[in-house]
Amino acid sequence: MEKAKKGSYKHVKKHSPLVVGAHQNGMPLMEIPPIIQNGYPYPYQYRYHQSCPALLPLPLSLPLPPPLLVYVPPAAPLFHDNNLLKWRTNGQNCLRKQRPVQNQVLGPGPTETRFNVLPLHQELELPQNQTNIQNRISHLDLSGKEVVATRPDSGGTEGPAIPLLANHFLVQFDPSERIFHYDVNITPRPSKETARMIKHKLVEENRDLLSGVMPVFDGRKNLYSPIEFQRDKLEFHISLPIPTNGGKLMETQKKRLFRVNIRLVSKLTGENLNKYLKEKDGSIPLPQDYLHALDIVLREGPSESCISVGRSLYTCSMGGQRDIGGGVVGMRGFFQSLRPTQQGLSLNLDFSVAAFHESIGIIPYLQKKCSFLTDDFLKKQRALTEEERKQVQSALKNVKIFVRHRDTHQRFRVYSLTEGATKDLKFWDRSGKEYKLVDYFRDQYNYEIEFKNLPCLQISRSKPCYLPMELCTICEGQKFLGKLSDEQTAKILKMNCQRPDERKDIINNVVKGAFGPASGSYSNQFSLQISKEMTQLVGRVLQPPKLKFGDTGHVRDMTPNRHDRQWNFLHSHVAEGSAIRRWAVISFGGTGAQHACIPTFIHQLSNRCEHLGILLSKNTMVNPLFENIQLLNNITGLETKLRKINEAANGNLQLLVCVMERRHKGYADLKRIAETSIGVVTQCCLYQNLTKLTSQFLANLALKINAKLGGCNMVLYNSLPHQIPRIFFDNQPAIFMGADVTHPHPLDDVSPSIVAVVGSMNWPASNRYISRMRSQTHRQEIIENLDLMVYELLDEFLLENKKLPSKIIFFRDGVSETQFQKVLKEELQAIRVACKRFEGYQPLVTFTVVQKRHHTRLFHGDQNVPPGTVVDTVITHPREFDFYLCSHSGTKGTSRPTHYHVLWDENRFRSDEMQKLVHCLCYTFVRCTKPVSLVPPAYYAHLAAYRGRLYLERSDSGACGKQMLYRSGPLQTAPLPQLQDTVKKLMFYC
């Protein structure tokens, strides 16, 4: 007998073939051999255990297209309607399996049986599970790879049309034009700025060898030329004077020699990009290498005169620098990026503002950042305390500097400060002679160090290498990565806050200006033509949904028809008011006059809640407590105080209102203790709002309290099954989930990332969400324990509604386009794993990425676009399912629409249906009486992730500052404290 090869059909001959045929319906019998592979083209398991063979109804008149692969366990039938409903009649608890161990690996067994399934005709009506399978098959290519959902139609049609302009500029390229990609290796390795200087001198001195062209360079490894060089491998030696002392060239400066090796890597053409933009079948992937080359071409001109930070370029030519305090300046610039769109290749260009370190001496820089470092302090020659030293070290960590006492091209990075003062530092020279640092600078440079009691800068990670602060200056063009203060943030936002007409003029001036993407001759060399006019398109304005309030109010429903789509509760009650009988008030700080406002505040808040249909007891459980604001710095004392208040309410306090003198870092400890140790919901407010109580402030506070304590402020008058009847049904509940990951501060290389997932618990209102939070690996974007969190939310939904949702609508925030495929592969699989833990449960999943950090802007004349404006043509993806929706009203600056990109859609939404769903949900956000810019599931996930971040920010964690300077081993992810059961099912995070 011939020996079978591994992976061939003969290799699986021991398995019996599956029979697809007709028992009652007269369909022709087909014998299909099983196929065994290592991959999972379709990872769902079917758990309807029957001994009968699988049945697949097929219309007789249909031709048979090429087969697709679907996973099915051996001897498991695909469809059996009676068994599909069996669990519904026998009760819901039989669905839930034993809760798995957290680290358990779930998935199919070691042996998988597969068979070929023929795609069904779209018009054929199927039972629900048959529709599930057909929808999932459509998202698989022949290799079993999950592909991003394509646009289901030519775009939406609902809503009146509106003419718009978008900050996209059409870029025309010659598909036949070749681009030659070269790898560049420079030794010794220079900085990015020096590398560009080397490239310019190399081009000037070797035009013949480079075929007389001006190649473009990314400053690292990649060089692109429109003409092939004379040889595939070239080597040059470039002697270059390096700028010192802030950019001045010294006449006596020594030149440095660099060796440059250039090697041809590939020859690129635009044919695949041209096909990608024009063809709709999706068989051609986006040619990222060619697109990256074009992006470098368009950045080469601006990079010669601008500071490059990521995809943005900043220059003083756009209004100079603005001092925003604390040694930080704001600088204007522009963002640019090439994007494939329906109109072709377009350049997205937007106005941008960023914060930079001010290029001044270290001592004056620190005087601006550290309030204690005054002139009097320096005159007294007092040494820094340990707390002051840590503050200075935090301000200077990772900042690049240059020295002024000698001529050198070197730039140094500050790693830390010395433990001792400058006067006490010693070192040994190469001959072994011991030197005092102050003596060395006096003898070697004839310089007497003035501030001997200050520490020195440590500019080496592993060995002692000291520089006195007073001899160092901060390098220009460094983006400020620290956390801006509230005042600095306000100034940066004001710089960036441009009305639509102003922003449009700035963008147009950049495109046509001398430092824009069309500056220089580079684009012409590569046959690129950039339109100087913004893209004209037609958007649509979706009409606001009708809202329903409480039945006991004078106004029970309304449609927000104001121009800004706002509404109020002046004569209305909330849809469902909570009952708050056990609550208390505690004050942190404040004056005697402010304390006197508390009784009035309690009385008016109770009355306002009553007017809104919320029951808030007239009397608190204990008399208002007045504490010093310093109690927020004492974690133990704060927890003891909160526990005593809760015990006074017999351990069942529902609400604690906290009135603060000012914003305080102890807010994080207050929330953590209340929600994870005590089990009480808190609501914080500031005295400045209590001294001038307004009806609007009290109403906003009451609405937040009602939402946190389980109430419901408003609902859609027409539920989703009535508004989108093709997708949603009253008797088939759906769950809306949102997920977000928040990462630590850019300078924090220790703290874990925080992930939050929320899910709606009430159907069809779908406006009450509970959350699950986890910590995970530092800066890990993919959610690690998504299957566990989704399972817990589904379990809660089952307890609440007595049935599992038939549809999961998942909104994922914070994902960049480069991560789409990875998120789709891993997180969608995690959702499926969670569903497998319920016997026979296979909901339809729609997975949508939500993006706010993009640079597309829409203009309607000189005004902001009206709320409800949606765009799904011209500037959207050539074939994938995405759209821009500006659901909110822009009051300051230029409105930023939210970008929704549907990666996976088993529910088969049409454009109008998905856009209406998102738009309607934006009117159900509990914290305000206007539509929000972000779909609420994603918004709530963001708030919950922020709350999880607060749980790790302890006000007494000053000792951790040293740990953030060096990473000695693998990071240990600190777990989040567990929520108390009394708040776990509430929207405490909103």
To check you understand the geometry: which heavy-atom pair defines the closest contact between [X] and [Y], and what is its length?
X: Pro975; Y: Leu952; result: O-CD2, 4.2 Å
X: Tyr884; Y: His854; result: CE2-CE1, 3.9 Å
X: Ser760; Y: Tyr769; result: N-CD2, 3.3 Å
X: Ser771; Y: Val758; result: CB-CG1, 3.8 Å
X: Pro867; Y: Ser889; result: CB-N, 4.0 Å
X: Gly326; Y: Gln488; result: CA-NE2, 3.7 Å

Decide whether [X] and [Y] meet the rule of one side-chain donor and one side-chain acceptor closer than 3.5 Å.
X: Ser816; Y: Gln819; answer: yes
X: Thr682; Y: Lys671; answer: yes
X: His899; Y: Asp882; answer: yes
X: Glu817; Y: His901; answer: no
X: Thr489; Y: Asp486; answer: no
X: Thr846; Y: Asp905; answer: yes
X: His919; Y: Ser887; answer: no
X: Thr676; Y: Gln978; answer: no

Check: [X] side chain, [Y] main-chain N or O, donor-acceptor pair, under 3.5 Å:
X: Asn348; Y: Gln336; answer: no
X: Gln776; Y: Gln780; answer: yes
X: Glu827; Y: Ile783; answer: yes
X: Asn767; Y: Thr924; answer: no
X: Asn785; Y: Leu788; answer: no
X: Asn864; Y: Gly893; answer: yes
X: Gln851; Y: Thr898; answer: no
X: Thr929; Y: Gln566; answer: no
X: Ser352; Y: Phe335; answer: no
X: Arg949; Y: Thr742; answer: yes

Original post:
Strictly under 6.0 Å, is that where the ring centroids of Phe351 and Phe334 end up?
Top reply: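 No, ring centres 6.0 Å or more apart.
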Subject >> Centroid-centroid under 6.0 Å between Tyr940 and Phe925 rings >> reply: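 Yes, the ring centres sit under 6.0 Å apart.
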**OP:** I would like to know whether Arg832 and Glu906 meet salt bridge (charged side-chain N to carboxylate O under 4.0 Å, His left out); could you show each step before the answer?
**Re:** CA-CA 13 Å; Arg832 289 169 168 168; Glu906 295 169 352; 3.7 Å; yes
**OP:** Please test Lys708 against Cys990 for side chain to side chain contact (heavy atoms under 4.5 Å, CB included), starting from the C-alpha separation and ending with a verdict.
**Re:** CA-CA 7 Å; Lys708 288 183 176 184; Cys990 69; 3.8 Å; yes
Distance in Å, [X] [atom1] paired with [Y] [atom2], rounded so as to fall on 0.5 Å steps:
X: Leu934; Y: Asp813; atom1: CG; atom2: CG; result: 5.5 Å
X: Ser753; Y: Arg779; atom1: OG; atom2: CZ; result: 6.5 Å
X: Phe736; Y: Leu921; atom1: CZ; atom2: CG; result: 5.0 Å
X: Gln498; Y: Arg857; atom1: CD; atom2: CZ; result: 12.0 Å
X: Ile324; Y: Ile492; atom1: CD1; atom2: CD1; result: 4.0 Å
X: Arg332; Y: Asn496; atom1: CZ; atom2: CG; result: 9.0 Å

Would you say that more than 12 heavy atoms from the other residues, nucleotides or ligands in this model lie under 6.0 Å from the [atom1] of [X], or not?
X: Lys852; atom1: NZ; result: yes
X: His357; atom1: NE2; result: yes
X: Lys400; atom1: NZ; result: no
X: Arg322; atom1: CZ; result: yes

Any side-chain heavy atom of [X] within less than 4.5 Å of one from [Y]?
X: Leu632; Y: Met660; answer: yes
X: Arg413; Y: Asn398; answer: yes
X: Val926; Y: Lys704; answer: no
X: Phe909; Y: Ile809; answer: yes
X: Ile808; Y: Leu844; answer: no
X: Asn762; Y: Glu800; answer: no

**OP:** Take Leu396 and Lys369 through the side chain to side chain contact (heavy atoms under 4.5 Å, CB included) test and state the conclusion after the steps.
**Re:** CA-CA 10 Å; Leu396 295 178; Lys369 289 194 71 69; over 6 Å; no
Original post:
Any cation-pi pair here, Arg837 with Tyr791, using under 6.0 Å and within 45°?
Top reply: yes
Original post:
Can you tell which of Leu976, Leu950, Asp740 makes a side-chain contact (heavy atoms from CB on, under 4.5 Å) with Ile754?
Top reply: Leu976
Subject >> ring-ring contact (aromatic ring centres under 6.0 Å, His included) partners for Phe356, two or more places apart >> reply: Tyr314
Original post:
Under the salt bridge (charged side-chain N to carboxylate O under 4.0 Å, His left out) criterion, do Glu784 and Arg774 qualify, and how do the steps go?
Top reply: CA-CA 9 Å; Glu784 293 176 347; Arg774 298 281 197 283; over 6 Å; no
Original post:
Does the salt bridge (charged side-chain N to carboxylate O under 4.0 Å, His left out) test come out yes or no for Lys984 and Glu675, once each step is laid out?
Top reply: CA-CA 8 Å; Lys984 196 172 185 179; Glu675 292 159 5; over 6 Å; no
Original post:
salt bridge (charged side-chain N to carboxylate O under 4.0 Å, His left out) between Glu487 and Lys491: does it pass, once the steps are laid out?
Top reply: CA-CA 6 Å; Glu487 183 179 356; Lys491 291 179 179 179; 3.6 Å; yes
Subject >> Tyr900 and Val918: CA distance, side-chain angles, deciding distance, side chain to side chain contact (heavy atoms under 4.5 Å, CB included) verdict >> reply: CA-CA 9 Å; Tyr900 297 90; Val918 173; 3.4 Å; yes
**OP:** Any chance you could lay out the side chain to side chain contact (heavy atoms under 4.5 Å, CB included) test for Phe883 and Met914, step after step, and finish with the verdict?
**Re:** CA-CA 10 Å; Phe883 59 91; Met914 176 57 74; 3.6 Å; yes
